[in-house]
Each structure stands twice: as C-alpha cells, then as structure tokens.
> 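First the structure, which I've put down as structure tokens, then a few questions once you've had a look.
Convention: sequence-line order gives letters A, B, ...; per-chain numbering from 1. Reckoned from all heavy atoms, side chains included, excluding hydrogens, waters and symmetry mates.
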Amino acid sequence: MEKTYDPQAIETHWYELWEKNGYFKPSGSGEPYCIMIPPPNVTGSLHMGHGFQEAIMDALIRYQRMRGSNTLWQVGTDHAGIATQMVVERQLEADGLTRHDLGREQFIQKVWQWKQESGGNITQQLRRLGASPDWSRERFTMDDGFSQAVQEAFIRLHEDGLIYRGKRLVNWDPQLHTAISDLEVIAEEEQGHLWHFRYPLADGSGHLTVATTRPETMLGDSAVAVNPGDERYQHLIGKTLLLPLADREIPIIADDYVDVAFGTGCVKITPAHDFNDYDMGQRHQLPLLNILDRDAKLNDNVPPAYRGMERFQARKQIVADLDALGLLDKVMDHQLKVPRGDRSGVVIEPWLTDQWYVSAKPLAEKAIAAVETNAIQFVPKQYENMYFSWMRDIQDWCISRQLWWGHRIPAWYAEDGTIYVGRSEQDIRGKHAIPEDISLVQDEDVLDTWFSSGLWTFGTLGWPQNTPELKMFHPTSVLVTGFDIIFFWVARMIMFTLYFMGEVPFRTVYVHGLVRDSHGDKMSKSKGNVLDPIDLIDGIELTPLISKRTAGMMQPHLRDKIEKQTRAEFPDGIAAYGTDALRYTYYSLASTGRDIKFDVGRIGGFRNFCNKIWNATRYVLMNAEDQDCGQDDSDDYQLTLADRWIISRLQEAEQAVAAGIDSYRFDLASQALYDFIWSDYCDWYLELSKPVLWDDNAPQALKKGTRRTLIRVLEATLRLAHPLMPFITEEIWQKIKTLAGAEGDSIMLQAFPKPQTEKIDAAAVADIEWVKQVILAIRNVRGEMNIPPKTPLPIFIKNGNPEDRRRLDENRQFLTRLANLDTVTWLTPGDAAPASATALAGNMEILVPMAGLIDKSAELARLDKEINKLHKNLQQIQGKLNNERFVANAPADVVAKERARAEEIETALEKMDDQKKRIAEL
RNA sequence: GGGUGGUUAGCUCAGUUGGUAGAGCGACGGCCUUACAAGCCGUAGGUCACAGGUUCGACCCCUGUACCACCCACCA
C-alpha cells in the first residue's frame, strides 16, 4: 500500500465498477426500503446543499442495503419550468434572439437539445459523491411516462371539481410575463415613501387626503374608503370625489378594514391592482379598472398622457402632476414590504387574468390528518408546526404559468368559449361529439413545475399503471429535504399522493438546514462565497477558483471584492480532500435541524481521519500478511486482554453508529465511529498489539489471536463505516477481506455489523481502564516534568491492593511498552521508596524516582496544581454533604457516591500533602 | 403582529428521563518512537446569554428579558 492515502487514485475506479455491476439496483428480497431523490433541476449544477442531502440519503440507502433491505433509491431530474426556460433564453440572448424569434415549437426543441447536452451534468456530479441510486430507473419530470401521469392527475382533479379556471388577481411577473404562486413571491422590507394626496370632493366642498405607497395605481382607483366609526369622515360617506388626473367620480365608502390610526384614515381603493382592494371591491361591488399591461406599463384605460408609460416612470410623473395641481399634501419616508419574484427579482404586480387553480382546502384536510395521526412524521418534530400553520390557512393554488417549457395544460377551447379537458383533441372530439368544422384550440399555458413534482413519489414508479414497483416501494420510507421547500413540495406531495394513491407518500420527512459558509452567511453567487463540492473533492488552484467565482459578474467592484476575499480565504487554493472526507464532514455537521456552517477547516481533519484508517491498515497488513490470522476459522488461538477489550468496544461502537443512523443523528454516528477508530483502535489497541506481536517469546496462540483480532475488528469497522465513507472502505476491504476470512465482490453487498452484546466483556473493559489510567498517570509526569519520551523510567508501585497486583502482573508488558518503562517494582508496606514524583490511580501510588530526571521545584509545582484541583472538587462535594437537606432528600445511592468520592479525594490529598512535605525536605 | 429555533472553551458544535460540563479545530510545551509529522505525547482554556422560580441539587424543568436567525401575516 502507498504510504499516504490518495483519494483520487481509488474513487472513480470503484464507482464505475459498482454501477457497471448493477449493485445499486434493488436486491429483490428483504423488507422494501425506498427513498425518492428530490429531483434536482436539470439546469442545475451541484451545490453544497445537494452534496449534503445526497450524502445523507446515500448513507441511509447503503446502510439499509447492507442490512438486507430491498432497497430502491429512485433518481431523476426536474424540468424546472421557469429556471430552465430562463437559462435557454439567456443563451438565445447572447445571439441577440428572443424565444419569440424562434416560436414555441422551435424553442422547446432548443430546450430539449440543451437538456440533451447539459442535463447530465448534475447526475455526473452525483456520481462523484458516491451516490448509489438505481441509475437504470432514472426519470425526468417531462419524460413520456411522467407527462402522462401529470396529464392524468390534471384530468382527474378537474373531473372531481378540484381544478377550476377563474379570473382573479394573480401575482404577475412583468418581466417573465407569467403568473406565479404566492410562494414564489418574496416580500422584503424596503425603504419607500408614503405620499399624501388630496382628492377633491365632487361638490367642491373640500377634499379628502389619502395616503399611498404606489401613486401610479391612483388612475385605477374605484373608491376611497374610511372606517365607518371614524368621526372625522362620517359625514362624507356616500359622497363622491373627483379623481384627479383621471377626472372620474368615485364614491366614498365605509369599511371596517380601514385602520383609523394609519396614515390619514382614508384609503384609496384600486380593486384591480391590490389584493385587499380587490376583496373590498367585491364587498362593495366596485368596478375593476385594469390600468396595466403585461409589461406593467400603463394601458389605454388611463388618460392619454400616461399611456405606455413604465410603472415607475408613471409614479414619478403622477406625483409631479399632482404636485403641480397643488394636490400633493406631503411625502413621508416609509418602510414597506415589496413583493418580488423569486426568479426574476422584479416587483410583482397584482394583475387580473384568467388562470387555472387547484382547490387546496379539501386536499389539505387529509394532509393535515396524516401528520396529526403520525402516519407521516417530521424529523425534527417542530417542523410539523410550520406545516400545520400553513396547511390550515391554505389558499387555492394557481397552477398555470404563461411559459413554453413545461407540461401543457390539457384543456381545449371552442370558439364559443366552452372549455374541454381531456387527453387529446381527438379524445375530446370523440367524447363530446364535436364535429371537425368546430375548431378547438389548446390552452397555451403550462403547469407550475411543482404540480408535476407533487406526483414524484408515485409518478416515478409507474402510476397511473399499477406496477409491481408501485406496490413494492410505495409508500416510500423517508424523504430527505430542506425546510425551504416544505410548502412548495412536501406539502403538495402529501396532498396529491393522499388524493391519488389513498396513502402517504413517505412515512418520515427528515428536514435538514441550509448549508452556509463558515461565517453563517448564505452561499450565493453575488457574495462570491460559493463552494463547489467537486472542488473540495478534487481540489482547485487559486486562479481558476477566482475566475470561477467571478465569472459572469457584471459589476467590477463586486468582482474585485470577491477576488480579494477569495485570495484571503484560500491563498493556496483548495486542497483535494476526496469524497469520503467531504461526506464525513457533512455527517459530522448534521445535527438536529439547524443550519450548517461549513468550515473548510473541518474537512481537512476528516481527510486526516481517512489517512489514519489507511495507515492503520498498513500496520495491520505488515503484521498479518502472509501469516495465519485464523482466516480458515480455525480455533487454535487465544485472545489477550486487549483483544477482548477492543472486541467489546467494537460492539458498543456498532450500537452507537446504528442508533445514530436510525435516529437521523449522523453527527452522533460519525462521532462514535471516529472515536472508536482513532481513540480506541488506533491510539490504544494497535499500540497494545505491539508488545504481543513483537515479542519473540509470546506464545503462538496469543499472537494468532492478536492478528485475528486486528484484522477482524478492522474488517468489521470498515463495514460499519461504509455507509458514511464508501470509497476508502471498499478499497481497504478488498485488500484485507481474505485475511479476515471474508468473501464477496464488494463491501457494498456485505452485511452491516450487528452488535453482539455477549461479546462485551466488562472485566476486560475494567482491566484496560486500569491499564490506561496507570499509563496516563506516568505520561502526565513525563510530560509535565519534560522527561524525554525516549528515557525509560523505573517506577515503583505503592499501596496497591491485590486487584492492582493481579492487574500489574497480567499487564506488565503493556505498561512497559506504552509508558516506556525500565522497571516496575511492587512495594510492600514498610519497603523504602526513593524520592519520587507521585501519581495516583485510585488508592494506588505510582512513583517515578526523581534522581537525575526530575527537578524538585517542578515537582512541587505539579503537586500544587493537582492539590488545588482536588481541593476545589472536595469543597464542592463537602458543601453538598454538609447540607442536611441533601442528605435527607437525595437518593441514597447519590449520597453514597458523593461520600465515597469525598473519601477518595481526602485520601488522595493526604498522600499528596505527605509527598509534598517529603520532597520539600530534600 | 403571531410562531419556531438558537445563545455552552478563541472558532464550529455535542450534552443521552435534573446528580463531578465534552469533542474537533485552533493555542501552548515536548517528540522525526520501525502504521501514520495529514502523526505521537502532554497542557491550558467555560459564572453553560441575563434575571427570577421549582428542587436537597438546574446547561437540562417553569416564567420573564435581551440579542441572533428563520417562517407566516392585507396595514394603505
């Protein structure tokens, strides 16, 4: 084996082999276990969030696969309507073209072509992460089968009266020229103004002052509302105002909605351009006056002077014109929530259009019940509150989008306005006996992408056909997803799946936080703090990293800032850490539901961990290769205390790792494994094996037992680690499997270790604890006294009991080697001891003679430190014991424990004081 | 305006039915000891945000406060 672990050399090799051999496919037997991948956008490239999510899913899948489950990880990508269309449009833009230049059909062809060329990007990156989904079943939300499912779903919902077409206010994106759902609108606080305008009364008897943040909408005003209880304006209710600039008369109405205390207490009502005003308009039968076109420019319903004017230009103009008329009362600074499209970033306009809607309430009822009854459980639990609060107040869902890329709505219109919904024009003509001379035109719109992803868990398994896969794997086991798409996706999957399948889509939703940078900032292109998982795996030089981070950056000052910041953070670029180290970092950070700050410092530690495992293997092979390690299962071997101890610890580690994975606590699982491998196996066990293996006089049976334990514990540990670090475990497993008496083509297909509690040897654990305590005590003296590690020490043991004596006799070789001892002398009471530094192990004293090695004052200082520590401790305990109520009320065992501890410390203190006196006298 | 989560070592985070506060990284000191310098050995470092309460005993349970983050909501 190479001396240093090199991830590059092993990873792709094993991945190709696994995939080629079909190891990712369901095994066909065992309990079904299924995870549906949250389909990444085809346009996408892998980001840290994906990396995290895939790492979690892959660990679960590999774990279950090794436990014998019939495991399906269903993979696929999402057509991502708006996102993908925007990407391709941007490409066209580079050639000076728009999608309208191409026309719908050609444009869609172009998108498909683009998908063909670049759509595989993200799935290739997934492979680099070691993800093991069944690629042979890969799906796309617009492949034929899935499109059929989408159509079927639409038709059924329509037939059942749960999809309807309506003319309402929608969130209109004037740049993308489409309606979007409430969820796609992000309202952010922005600094704006509150303009106060005077609207004259029609009878010339005065005016009312209204306050508005959007002056341009005043041309669409249908009324001014006041609170019916507002004494200032009561006498004006029912009168009319003359709307300035538009010269229309509008009524003054009364409505409870108006807040007396805000602004002037008079609200201008624009039913066609504001959601609240729309409702009020409905209540008061106000006319709807639409004054905007699809670009949010003013249309022909406004006075000629403003027609065709862009909305913000119009705002300025109207303010200026009203001011000129003396109708601008005042302008105040005002913070307001501005709605922006999550894709385009432009201000969204409430706009009156015809759209398709899903009635959400009836679907939500069952979806709520499913979580209430724990048919679906969220991990962590608190996300259920978020889910409930949204679900209980759910609004109808606008599902039509004025895009070209997506599932075309299966609705056709006759010239008389009749709407037919069906599988195809032919179907519809047949079903409704529509003659050929009546023309039918299909709806131009496509469906919201989330409509199709809502069908993901069953659509990918063949629905609407009742396939064997559907029967086997649905409901799926767990959904691994970010909290940010609970409403977009999780909630809708639950609603749709309950409706169409009559069962839940998954039993558990594991919700993880957002992956942020090391400062806790969101990773974003514009901040230039994005980390690419692939760069962490393969490494990247500084220069390409900078150009990558600043690519397509329009503003030069941002460019410079990002470059500077990148140079500061990664002066040498990013090292190649390998997939296993990256994955391990994700697991270690995956604690309960909080956001994850990804610090590159962490990943280095786990690369070192991989190297540690690598080198431990080298040690094991050096000592076991070509030797009898009991690979034939012969039983002519004997286990040492150390062997029995590490086997015990292995069982405990197996329990802890399984418990961690079972509870989605990958941080705990990875921590337990790390501690076992590094602290138990490497730091102690490998060292404890040396005195046996390197001792020519040691019995063959003992040596064989040690070799056997070395290799078998390593082999089991690799299986234990495999779900978390697939590559290095496979590489090493292949090298050692024969020596360990294992057979098989891949560690992937081996059984996950099952803890055998009968192998936990409490006596061995206690004995090794004693050995460790003695060694640590001596090392402490050595370290504190600056005695070179090379100098072998003579030590004396004083005041030991028979148990200490036994342990000493049985473990002399361990102590000698690990603490580098020269001689160990057992003192019986009355034996004289040389002047020594003293450490305690229980009541037993370990003496390290000072002669020539230890400075008097240094030892006095060391003793003082120890004494101080013990004193503090003792005071605490005595405080408790002196408290009568503690003694009276605390459980007897707690009191006894404190008493014992106090006694122990008192004895120790006596000894130390004694020791101090003696040394002081030297 | 409602709601959720967080506040523990310099940094990032654990803390298991309330009973002596832990890890990794970083820091400091010593080591090229035949698996590993991507390493080994040792050491230091914490009024567990603050204020009350319950309890013999609180990082943990209850109440309140502050700050941070996020979610939801129609104040023009």
> Any base atoms under 4.0 Å from A:Leu776, or only sugar-phosphate, or nothing? Heavy atoms, all strands.
sugar-phosphate
> Between B:rA9 and B:rG5, how far apart are the C1' atoms? Round to whole Å, please.
23 Å
> Between A:Lys735 and A:Glu731, does any side-chain N to carboxylate O distance fall below 4.0 Å?
yes
> Pick the C1' atom in B:rG6 and in B:rA14, then give their distance to the nearest Å.
15 Å
> By the 4.0 Å heavy-atom rule, please label A:His334 as base, sugar-phosphate, or nothing.
sugar-phosphate
> Report the nucleotide, chosen from B:rA44, B:rA35, B:rC75, that has the shortest atom-to-atom distance to any side-chain atom of A:Lys865.
B:rA44
> Where the side chain of A:Lys790 is defined as all heavy atoms beyond and including C-beta, which of B:rC32, B:rA76, B:rC13 is the nearest nucleotide?
B:rC32
> Measure from OH on A:Tyr619 to P on B:rC36 and round the result to the nearest Å.
12 Å
> Choosing from B:rA38, B:rU4, B:rC74, which nucleotide comes nearest the side chain of A:Asn276?
B:rC74
> Nearest to the side chain of A:Leu668 - B:rC36, B:rA14, B:rG5?
B:rA14
> Roughly how many Å is it from OH in A:Tyr584 to C1' in B:rG24, rounded to a whole number?
12 Å
> Report which part of the nucleic acid A:Val258 touches: base, sugar-phosphate, or nothing (heavy-atom distance under 4.0 Å, all strands).
base
> Taking any heavy-atom pair under 4.0 Å as a contact, classify A:Lys690: base, sugar-phosphate, or nothing.
base
> Quick test of your reading of the model: are A:Asp255 and A:Arg283 salt-bridged, counting only N-O distances below 4.0 Å?
yes
> Expressed in whole Å, how much space separates the P atoms belonging to B:rC62 and B:rU16?
14 Å
> Has A:Lys522 got more than 12 heavy atoms of other residues, nucleotides or ligands less than 6.0 Å from its NZ?
no
> Between A:Lys690 and A:Glu687 (salt bridge meaning N to carboxylate O under 4.0 Å), is one present in this structure?
yes
> For A:Arg665, which contact category applies under a 4.0 Å heavy-atom criterion: base, sugar-phosphate, or nothing?
sugar-phosphate
> A:Phe487 has an atom CZ; how far is it from atom P of B:rC71, in whole Å?
10 Å
> Between atom CZ in A:Arg516 and atom C1' in B:rA69, what is the gap in whole Å?
7 Å
> Send over the distance from A:Asp256 CG to B:rA76 P, rounded to a whole Å.
19 Å
> With a cut-off of less than 4.0 Å, is there a side-chain N or O of A:Lys337 near OP1 or OP2 of B:rG1?
no
> Could you tell me whether A:Trp614 contacts a base, only the sugar-phosphate backbone, or nothing, with contacts defined as non-hydrogen atoms closer than 4.0 Å?
nothing
> Taking B:rC59 as the reference, what is the distance to B:rG22 when you measure between their C1' atoms (whole Å, please)?
12 Å
> Which whole-number value in Å describes the distance from A:Phe606 CZ to B:rA38 C1'?
14 Å
> Using the C1' atom as the point on both nucleotides, what is the distance between B:rC25 and B:rG64, in whole Å?
37 Å
> Do NZ/NE/NH1/NH2 and the carboxylate oxygens of A:Arg214 and A:Glu349 come within less than 4.0 Å?
yes
> The side chain of A:Arg901 lies closest to which of these nucleotides: B:rC40, B:rU20, B:rA35?
B:rU20
> On a whole-Å scale, what distance lies between the C1' atoms belonging to B:rG30 and B:rA51?
47 Å
> Could you check which of B:rG24, B:rC41, B:rC36 has an atom nearest any side-chain atom of A:Lys3?
B:rC36
> Students often mix this up, so state it plainly: with edges at 30° and 60°, are the rings of A:Phe262 and A:His334 parallel, tilted or perpendicular?
perpendicular
> Between A:Asp595 (CG) and B:rU7 (C1'), how many Å, whole number?
15 Å
